[in-house]
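Any value given below was found using the heavy atoms of this structure, including those in side chains, with hydrogens, waters and symmetry copies removed.
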Amino acid sequence: MRLTTKRAGRTKHRKTLAGISFIFPWLIGFAVFVCWPMAQSFWYSLNTVRVRPTGRAFRFAGVTNYQDIFFKDMLFVQELGAFLISTLLRVPIIIIFSMIIAMLLNGRMKFKSFFRTIFFLPVIIASGPVMNELINQGAATVPVLDQGSISGILNSFLPLWLASPIVDLFGQLIIILWYSGVQILIFIAGLQKIDKSLYEAARIDGGSSWECFWKITLPMLKPMILLNAIYTIVLLSNNSQNNIINLIYRNMFSANRGYGFASAQAWMYALIVLIIVGIVFSMFKEGSSGTKKRKPKKSFRRLKLSKKARE
């Protein structure tokens, strides 16, 4: 018995060492390329950094850089407001579009693998300089839509801070739909995990396709909606077309701002994105964790019978 216990302990120890050895290179990379740059960036945000011929000069400034973001640099606040409104508009469009395409590709149709490749191909090709070049050549817009007329109509009855993101939405409609490749695959994986017997039982009870979608498909896809919403928010907040990212990059090499101010902007922007992700997670956490199992309450009669049995 003792020998068996010792062997089991040795086997467990070997497996633990094997697991640590596998993830050890990743831990080193995470510490060197993620943790250290983050700590360095946070230290920069608390200082006024000047680049001189002799090297970088630091002067401790405390939270001054963070205060200057909101009181001296109104461009960041303006771009942040535009980002929040555009994210609020784009995320639902991407989620709904990817869900519709996933349901079509999950149905009975020929050449499903080919169409899946078509929708996922922009994720691989259209990135970085390629995306910028496509936007410059006008490939991001729908030729049928007249942006000038749309802009005039929206500006006539909407305030500028709301009309401008909507006009940009029409101006980059194709690019926005190109961002849905990963989300489509995630929704397809979720649809394939739904038990077909649920739909059969619903049809036997007289449920229509519309009712099956609202009562079966959508509740079962809530975890996937949460995952896709968070992925889309992170994707939109870090892409090369984001004006806030470009603003931070310009301030980093600006003589008036420098590394310290740009680092403070980056940390504040990251905090706001985390707050948005937290709000989205709180909206879908009940559906993502599943329905909570409630303990059945004992009736008054059961309690009396159990009490008599004990006596």
| query | Who pairs with Asn47 by side chain to side chain contact (heavy atoms under 4.5 Å, CB included), at least two apart in sequence or on another chain? | reply | Trp43, Val49, Phe58, Phe60
| message | Go through it in stages, so that I can follow the logic: the residues are Thr64 and Thr48, the test is side chain to side chain contact (heavy atoms under 4.5 Å, CB included), and I'd like the CA-CA distance, side-chain angles, deciding distance and then a yes or no. | response | CA-CA 9 Å; Thr64 305; Thr48 301; over 6 Å; no
| Leu84 side chain reached by Ile276 side chain, heavy atoms, under 4.5 Å | yes
So how far is it from [X] [atom1] to [Y] [atom2], rounded to the nearest 0.5 Å?
{"X": "Met268", "Y": "Ile244", "atom1": "CE", "atom2": "CD1", "result": "12.0 Å"}
{"X": "Leu227", "Y": "Phe281", "atom1": "CG", "atom2": "CZ", "result": "11.5 Å"}
{"X": "Asp195", "Y": "Glu200", "atom1": "CG", "atom2": "CD", "result": "8.0 Å"}
{"X": "Leu185", "Y": "Ser98", "atom1": "CG", "atom2": "OG", "result": "10.0 Å"}
{"X": "Leu191", "Y": "Leu221", "atom1": "CG", "atom2": "CG", "result": "5.0 Å"}
{"X": "Arg203", "Y": "Leu198", "atom1": "CZ", "atom2": "CG", "result": "10.5 Å"}

Exercise: identify the closest heavy-atom pair between [X] and [Y]:
{"X": "Leu247", "Y": "Phe76", "answer": "CD2-CA, 3.7 Å"}
{"X": "Leu236", "Y": "Asn242", "answer": "O-ND2, 3.2 Å"}
{"X": "Leu80", "Y": "Ile272", "answer": "CD2-CD1, 3.1 Å"}
{"X": "Gln192", "Y": "Asn106", "answer": "CG-OD1, 3.4 Å"}
{"X": "Gln265", "Y": "Asn251", "answer": "OE1-ND2, 2.8 Å"}
{"X": "Ser41", "Y": "Ser263", "answer": "O-CB, 3.3 Å"}

| Could you walk me through whether Met103 and Ile100 pass the side chain to side chain contact (heavy atoms under 4.5 Å, CB included) check? | CA-CA 5 Å; Met103 292 177 67; Ile100 292 171; 5.9 Å; no
| field | Residue pair Met99, Ile225: steps toward the side chain to side chain contact (heavy atoms under 4.5 Å, CB included) verdict | value | CA-CA 9 Å; Met99 185 184 296; Ile225 294 173; 3.7 Å; yes
In the single-linkage hydrophobic clustering (I, L, V, M, F, W, Y; side-chain heavy atoms under 4.5 Å), do [X] and [Y] co-cluster?
{"X": "Leu235", "Y": "Leu274", "value": "no"}
{"X": "Met283", "Y": "Ile275", "value": "yes"}
{"X": "Val280", "Y": "Leu88", "value": "no"}

| request: Give a yes or no on this: more than 12 heavy atoms of other residues, nucleotides or ligands lie within 6.0 Å of atom CZ of Phe42. | output: no
Contacts under 3.5 angstrom, residues 18-38 side chains, donor-acceptor by atom type, not counting sequence neighbours:
{"residue": "Ser21", "atom": "OG", "partner": "Leu17", "partner atom": "O", "Å": "3.2"}
{"residue": "Ser21", "atom": "OG", "partner": "Ala18", "partner atom": "O", "Å": "2.6"}

Mind listing the side-chain donor-acceptor pairs of residues 205-218 below 3.5 Å, one per line with the distance, residues two or more places apart or on another chain?
{"residue": "Ser208", "atom": "OG", "partner": "Glu211", "partner atom": "N", "Å": "3.4"}
{"residue": "Glu211", "atom": "OE1", "partner": "Ser208", "partner atom": "N", "Å": "3.0"}
{"residue": "Thr217", "atom": "OG1", "partner": "Tyr199", "partner atom": "OH", "Å": "2.7"}

| Listed by chain and number, what are the ring-ring contact (aromatic ring centres under 6.0 Å, His included) partners of Tyr249, not counting sequence neighbours? | Phe253
| task | Could you tell me which residues satisfy ring-ring contact (aromatic ring centres under 6.0 Å, His included) with Tyr269, sequence neighbours excluded, listed by chain and number? | result | Phe83
| Partner set under side chain to side chain donor-acceptor pair (under 3.5 Å) for Thr232, not counting sequence neighbours | Gln183
